[in-house]
Amino acid sequence: MTAGDAESKQQAQLAENESQFRNIMESAQVGIFVIQDGLFRYANAFLLDLFGYVREEVIDRLGPLDLIDAEQHAFVREQMRARQSGVPGRRYEIDARRKDGSMFPASILGSPSTYAGRPASVGTLLDLSVQKAAEQRIRELADFDPLTGLPNRRLLRDRVDQLLAVGERDGTPVTLVFLDLDHFKRINDSLGHSVGDEVLIALANRLSTVVRRGDTLSRLGGDEFVLAMPGISTAIAIEVARRLIEECSAPFHVGGHDLTVTPSIGITLYPQDGKDFDSLLKHADVAMYKAKELGRNTFQFYAADMNKATLDRLLMESNLRRALDNGEFLLHYQPLVCLRSGRVLGVEALIRWAHPELGLIMPDRFIPVAEDTGLINPIGDWVLAEACRQAQAWQEVGVGPLVVAVNVSPMQFRQAGFVAAVAGALAASGLDASLIELELTERTVMHDAEVNLGTLSALHRMGVELSLDDFGTGYSSLAYLKRFPVGKLKIDRSFVRDLETDADDQAIASTIVSMGRSLRLKVLAEGVENAAQLQQLRNMACDMAQGYLFSRPVPADEMLALLQTQPFLKMPETE
Ligand code: C2E
Ligand code: MG
Ligand code: MG
């Protein structure tokens, strides 16, 4: 065998080896590549298929950076540099980009090598899609309810724990809303579990529409759902509960049936109702049962006092604001009658709220809310302006001297700009100051009497009349009464009601009358409903009276008729 023969045999052997290797690489079910100077010098069929390229598009034209997410470029560039300079690599994961732009997770392992006699790196690439999807599925099974796809109790606990950690750090409240369907078992028992399941899936979809970013709606199992919300006020919790009930209310069309379900909802708030997930959830459950006891299809807060009173209050607050904006308030007027002449000397303006759905709402129901929320100030300003406007309108049609009395709440009276507000209302209407009277309660003026004396004096100097409303129920100091520039005492209705029968009430009323006389104050009796009361008051020489006996509070136009006819002038004179 000649040297040439040996050499050519060796060559043939080499060529065969190489083609064998190539075949192996080409049929391998893993991506194999060679990179040099940042470009692919070799890529096997599997890799090309995976990315959706043909060989000519890739070899010597594209580099790894063209096939991966831009965010990972820096990292991969660093890896390539290391391989090229001979540093062995470790497996790492990338987000790979196919020719059509779609992405898939891949893992890469590269090692330093040579290609055509120069340094290069050779590597393998594995498609991780299937593995990742399986991992995701496992995570879902652990964290999500398989029926509805909602987070399960385990994930809910995680999320709530996170919210509580934030809450503890920066004081953000956390709200848990526990929803349980009423009589859901009946659907399962009568129509079968598959119908029940369909209802739960449909319900989960509807409830999801109420959820904001950052909230977690979860299914605990059965027909129990829990919504966890960060940073929620009581008012919004109510709003959410209402919307959840609303979402349940439309019938579910399942398996040819129209099914109606109602929920009972319990609400707990961190921190007041519990400091950790378990106690919050337990208390939400307790509140939910309370809602069931109350007749179902409703919600309850865990903290008992949050329930009825606060709910009404909060709902009223936003409604009150809207009522003011929408002009839903109006004034009725009740005559203040002189007991000697029977003439109507004045009228008291009494606010009403014409609610679009509930009808006329009386001030005892909404004034306390307005006072608690500070809305009394704008509402009071409106009352002042409207009463002055009406008083001036009556003057212009010639009803003669008539004082319009306006109730002033303590908060309104104490606000800094009150005197200016009164002056403003008078100026805007053109009304003479002597035709307006402000009714203040004893409590209002006696509390911090020295401070109030200044305000009262300023009003008095303007020419405005002042009266003490609900007199006898407070704790007036005679000393102050003498110093206050008040012109009238209004005996509270509670002393007038049983005037014919109750000797104590008689004593109180007549004491107020004679005290008023000695202080040169007018005395008016409120709540006079019958002739017997009227007679007693006349016997005491009480100056004025107000009550259903004369007239209920009436709208302005009815009052005008009454002012023009003066029907009490001819009232039978009693001794
Ligand atoms: P008030 O100032 O003591 O007003 C008298 C209340 O007694 C009125 O109730 C009136 O309708 C009622 N009344 C009058 N005559 C009789 C009667 O013969 N029998 C009975 N049972 N009741 C009679 P109303 O209108 O419900 O007002 C209740 C309270 O709401 C008022 O008591 C006053 O404190 C407050 N209020 C009314 N309007 C305003 C307002 O514009 N601003 C403020 N801050 N409070 C107001
Ligand atoms: Mg009054
Ligand atoms: Mg009163």
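Computed from a predicted structure; not experimentally measured. When a ligand or atom number is given, it counts from 1 through the structure's own listing order. Hydrogens, waters and symmetry mates play no part in the numbers below; they use all other heavy atoms, side chains included.
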List ligand 1 atoms under 4.0 Å from [X], heavy atoms only on the residue side.
X: Asp470; result: 3 (O)
X: Val528; result: 18 (O)
X: Glu526; result: 3 (O)
X: Asp469; result: 1 (P), 2 (O), 3 (O)
X: Glu529; result: 17 (C), 18 (O), 19 (N), 20 (C), 21 (N)

Any side-chain donor near an acceptor of the partner, [X] and [Y], under 3.5 Å:
X: Asp182; Y: Ser264; value: yes
X: His253; Y: Asp258; value: yes
X: Gln546; Y: Glu348; value: yes
X: Glu396; Y: Gln392; value: yes
X: Asp498; Y: Gln506; value: no
X: Ser279; Y: Asp276; value: yes

Side chain or backbone, does [X] bring an N or O within less than 3.5 Å of an N or O on ligand 1?
X: Ile351; answer: yes
X: Gln546; answer: no
X: Gln412; answer: no

(Q) Between Lys490 and Glu442, does any side-chain N to carboxylate O distance fall below 4.0 Å? (A) no
Q.
Using a 3.5 Å distance criterion without hydrogens, assess whether the side chain of Gln533 forms a donor-acceptor pair with backbone atoms of Asn530.
A.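 Confirmed, Gln533 side chain pairs with Asn530 backbone.
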(Q) As a test of reading the structure, name the N/O/S atom of Glu348 that is nearest the Mg ion (ligand 2). (A) OE2
Q.
Looking only at N, O or S atoms, which one in Asp469 sits nearest to the Mg ion (ligand 2)?
A. OD2
Q.
Against ligand 1, does Pro553 come closer than 4.0 Å with any heavy atom?
A.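 Yes, Pro553 has a heavy atom closer than 4.0 Å to ligand 1.
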Q) Should Glu371 be listed as contacting ligand 1, given a heavy-atom distance under 4.0 Å as the test? A)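 So Glu371 does not count as touching ligand 1.
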Which of the listed options, [options], holds the heavy atom that is closest to [atom]?
atom: atom 23 (C) of ligand 1; options: Phe329, Trp382, Tyr548; result: Tyr548
atom: atom 7 (O) of ligand 1; options: Arg493, His332, Gln334, Lys490; result: Arg493
atom: atom 30 (O) of ligand 1; options: Ala405, Ala525, Ala370, Pro363; result: Pro363

Q) Looking at the Mg ion (ligand 2), is one of the N, O or S atoms of Glu526 less than 2.8 Å from it? A)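 It does not: Glu526 brings no N, O or S atom closer than 2.8 Å to the Mg ion (ligand 2).
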Q.
Under 2.8 Å from the Mg ion (ligand 2), can any N, O or S atom of Glu439 be found?
A. yes
Q: Hey, can you tell me if Tyr333 and Trp394 have their rings parallel, tilted or perpendicular (30° and 60° cut-offs)?
A: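 The rings of Tyr333 and Trp394 stand perpendicular, inter-plane angle above 60°.
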Q: Measure the acute angle between the ring planes of Trp353 and Phe366, then classify it against the limits of 30° and 60° as parallel, tilted or perpendicular.
A: perpendicular
(Q) One residue to check: Asn407. Relative to ligand 1, which of side chain, backbone, both or neither has a non-hydrogen atom less than 4.0 Å away? (A) both
Q) Taking non-hydrogen atoms only, is Glu348 closer than 4.0 angstrom to ligand 1 via side chain, backbone, both or neither? A)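 For Glu348, the contact with ligand 1 is made by the side chain alone.
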List the atom pairs, donor and acceptor, that lie under 3.5 Å between side-chain atoms in residues 409-427 and the rest of the protein, sequence neighbours left out.
from	atom 1	to	atom 2	distance (Å)
Ser409	OG	Glu371	OE2	3.3
Gln412	OE1	Ser409	N	3.2
Gln412	NE2	Gly380	O	3.4

Please report, to 0.1 Å, the donor-acceptor pairs under 3.5 Å made by any side chain of residues 547-561, with sequence neighbours excluded.
none

